[in-house]
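A short write-up of the structure that comes next.
Order of listing sets the numbers, starting from 1, for every ligand and every atom in it. The figures here come from the full heavy-atom set of this structure, side chains too, leaving out hydrogens, waters and symmetry mates.
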Amino acid sequence: MAGLKDYVNSSVADNREQIEYHVEQILKLIGEDTNREGLLETPARVTRMYEEIFAGYEVDPKDVLGVTFDENHEELVIVKDIVFYSQCEHHMAPFFGKIHIGYVPSGQIVGLSKLARLVEAVTRRLQVQERITSQIADILDEALKPNGVMVVVEGEHLCMCARGIKKPGSMTVTSATRGTFRENAASRAEFLSLLKG
Ligand SMILES: [Zn+2]
């Protein structure tokens, strides 16, 4: 899983003063007057915002699922419209949207709120949408050993990312499939039709 830390290293909370200092330097370097009233608190505000939007570095996404439950249910489980907010690692610009997760259990299920926590752990850091999609699929695949996992991410990017100029409002859709969803077009179609419903 490229890009994932295996351990907790550093975080905004550990480095508040330094981040504030460097934000102030950037303001000066772009030609701003950092004594202007509107900017006086900006370095501190940016740092507090970073604490929130980069909170993912405080946790290992592989740990957030925690306990899984034995359950005989072996039919498709879908949690859709999980809202996410992330930062593109190429421009440090926001991208955000919705994540839909489906899996077919094979004896193990996970609490539904844990899926939302997994989304936060994976997205609240510098990311690319493609990696968010595959990391969520891989972590669920590893933790639950399900018959299949499918993840669909719909994101709007506030930057012009690597694939040329995107128009405002255009949506990037990525998907990842594991197990039965990869092998079986009918499984993918069932998932996608339930997303629309
Ligand atoms: Zn970008």
Near the Zn ion (ligand 1), is there an N/O/S atom from Cys159 that is less than 2.8 Å away?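 Yes, Cys159 qualifies, because one of its backbone or side-chain N, O or S atoms lies under 2.8 Å.
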His90 near the Zn ion (ligand 1): N/O/S under 2.8 Å: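 So His90 does not bind the Zn ion (ligand 1) by this criterion.
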Salt bridge flag under 4.0 Å for residues [X] and [Y]:
X: Arg45; Y: Glu41; answer: no
X: Arg131; Y: Glu89; answer: yes
X: Glu24; Y: Lys28; answer: yes

Name whichever N, O or S atom of His91 ends up nearest to the Zn ion (ligand 1).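 It is ND1 of His91.
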Pair Gln127, Ser86: side-chain N/O donor-acceptor within cut-off below 3.5 Å: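 No pair is found: no donor N or O on one side chain lies under 3.5 Å from an acceptor on the other.
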